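Structure first, commentary second.
Note that the structure is a prediction, hence the values are computed from the model and not measured. Position 1 is the first residue of the sequence, and the numbers go up from there.
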Amino acid sequence: MMEIFFETKDVFQLKDIEKIAPKEKGITSMSVKEILQSLVDDGMVDTDRIGTSNYFWAFPSKALHARKRKLEELESQLTESTQKKEALQKSIEKSKIGREDTAERAALIEELAALRQKKEQLKAEIDKYRECDPDVVEEMRQTNKVAKEAANRWTDNIFSIKSWAKRKFGFEESRIDKSFGIPEDFDYID
C-alpha cells in the first residue's frame, strides 16, 4: 500500500485508492479501507478533510525523516544505556573493594550468622517470660482496676434501679431479683 504512495508521489481520495490498490498491488478491495486506516493511525499516511472529501498522501521524504528520527532516538537510548552500564560496572568494582573472599571475612560472616541466631533465641526466651515483665504486670493491674471500677459502677446502677422500682411500684426486693435473674449474693466487687 505504501508503495502506491511512494511511487506516484500523489494525493488520493479513498475511492481512487480502492480502484488502484487491487489492480497494481493485488490488495483485496474489501481490506483497502482498513489497511489505509491502520496506516493513518500509525502515522505512516497523512489525511485531511477538504470540503466533503478525505485526501490521503504519503511522501518518501516523510518516511525517511521519520526513520532518521527513530534511528537518532534509538542511538541516544543506546548511548544512555551504555553509560548507565559503565557506571554500574564501576559501582560494582568499588563495592568489591574490601569484600574479597578472605579467611578473616569468612570468619566474620560466620560470627555474624551465629550472633543473629543467638539474638533470635534470646528474643524467644524473652517472649516466654513476657508475663513476668514488670511493665506487662503493671499494665494488667491497670486494666483490672478499670474493669473493677466499671463492674462496681454497673452494680451501683442496678441497686439504684431496684430502689426506684421498690419506691415506685412497691415490689419486694426478692421479687425484683427473681424477675430479673439477679442472684441473692449480688454485691460490689472488693
Side-chain angles (χ1 to χ4, degrees), residues 34-35 37-47 63 65-190:
E34 293 173 17
I35 292 170
Q37 186 59 48
S38 70
L39 291 172
V40 168
D41 292 342
D42 293 342
M44 297 173 70
V45 174
D46 292 314
T47 183
H65 288 301
R67 280 191 226 110
K68 279 185 181 178
R69 258 194 320 276
K70 185 70 173 171
L71 180 64
E72 288 172 0
E73 186 180 310
L74 290 174
E75 285 174 347
S76 168
Q77 287 177 357
L78 177 65
T79 306
E80 207 174 287
S81 297
T82 306
Q83 289 173 350
K84 273 187 184 176
K85 180 184 172 197
E86 289 172 5
L88 289 172
Q89 288 291 350
K90 287 178 184 176
S91 175
I92 289 171
E93 292 302 319
K94 280 183 183 177
S95 296
K96 284 183 179 179
I97 295 172
R99 292 186 182 188
E100 294 82 18
D101 286 335
T102 61
E104 182 184 353
R105 179 172 164 77
L108 288 173
I109 289 173
E110 194 174 305
E111 184 182 346
L112 178 64
L115 289 172
R116 283 184 176 157
Q117 185 177 6
K118 187 173 182 179
K119 178 184 170 189
E120 291 301 318
Q121 288 173 348
L122 291 173
K123 269 188 177 180
E125 195 171 328
I126 286 173
D127 286 344
K128 257 195 264 179
Y129 299 114
R130 180 161 167 68
E131 56 271 351
C132 296
D133 182 10
D135 293 337
V136 174
V137 170
E138 185 59 33
E139 188 178 327
M140 284 183 186
R141 285 186 181 140
Q142 291 298 324
T143 305
N144 287 344
K145 183 178 176 187
V146 169
K148 184 177 175 183
E149 289 172 358
N152 284 334
R153 187 172 40 250
W154 280 102
T155 303
D156 193 38
N157 290 343
I158 291 171
F159 283 138
S160 296
I161 290 174
K162 280 173 56 176
S163 171
W164 176 80
K166 274 197 288 187
R167 276 183 283 123
K168 181 77 172 173
F169 303 109
F171 291 141
E172 295 175 22
E173 193 168 328
S174 60
R175 187 172 169 200
I176 295 172
D177 289 345
K178 187 177 178 187
S179 298
F180 291 102
I182 300 172
E184 289 179 21
D185 61 345
F186 183 75
D187 203 357
Y188 292 100
I189 298 173
D190 294 328

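- Put simply, the side chain of Leu78 reaches to within 4.5 Å of the side chain of Thr82, judged on heavy atoms.
- When the shell of 6.0 Å around CD of Glu149 is examined, it contains more than 12 heavy atoms from other residues, nucleotides or ligands.
- A 4.5 Å side-chain heavy-atom check between Arg141 and Val137 finds at least one atom pair inside the cut-off.
- Here NZ of Lys118 is found 11.0 Å from CD of Glu111. Values are rounded to the nearest 0.5 Å.
- With rounding to the nearest 0.5 Å, the separation of CG in Leu74 from CZ in Arg67 is 13.5 Å.
- Summarising the geometry, atom CD1 belonging to Ile92 is positioned 12.5 Å from atom NZ belonging to Lys94; distances are rounded to the nearest 0.5 Å.
- Rounding to the nearest 0.5 Å gives a distance of 5.5 Å between CD of Glu139 and OG1 of Thr143.
- A side-chain donor from one of Glu138 and Gln142 sits under 3.5 Å from a side-chain acceptor of the other.
- Here the closest non-hydrogen pair linking Asn152 and Ile189 is OD1-N, 2.7 Å.
- Under a 3.5 Å cut-off, the side chain of Ser163 and the backbone N or O of Phe159 do not form any donor-acceptor pair.
- Ile158 places a side-chain heavy atom less than 4.5 Å from the side chain of Phe186.
- The ring of Tyr188 has its center no closer than 6.0 angstrom to the ring center of Trp154.
- Residue pairs satisfying the side-chain hydrogen bond (donor to acceptor under 3.5 Å, both in side chains) criterion with at least one member in residues 72-81, sequence neighbours excluded, are absent.
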Check: How far apart are the C-alpha atoms of Lys85 and Gln89, what are their side-chain angles, what is the distance that settles it, and do they pass the side chain to side chain contact (heavy atoms under 4.5 Å, CB included) test?
Finding: CA-CA 6 Å; Lys85 180 184 172 197; Gln89 288 291 350; 4.3 Å; yes
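- Between the OG atom of Ser95 and the NZ atom of Lys90 there is a distance of 14.0 Å, given to the nearest 0.5 Å.
- At least one side-chain heavy atom of Lys123 sits less than 4.5 Å from a side-chain heavy atom of Lys119.
- From Lys162, atom NZ reaches atom CD1 of Ile182 across 5.0 Å, with rounding to the nearest 0.5 Å.
- By the 4.5 Å heavy-atom criterion applied to side chains, Asp177 and Glu184 are not counted as neighbours.
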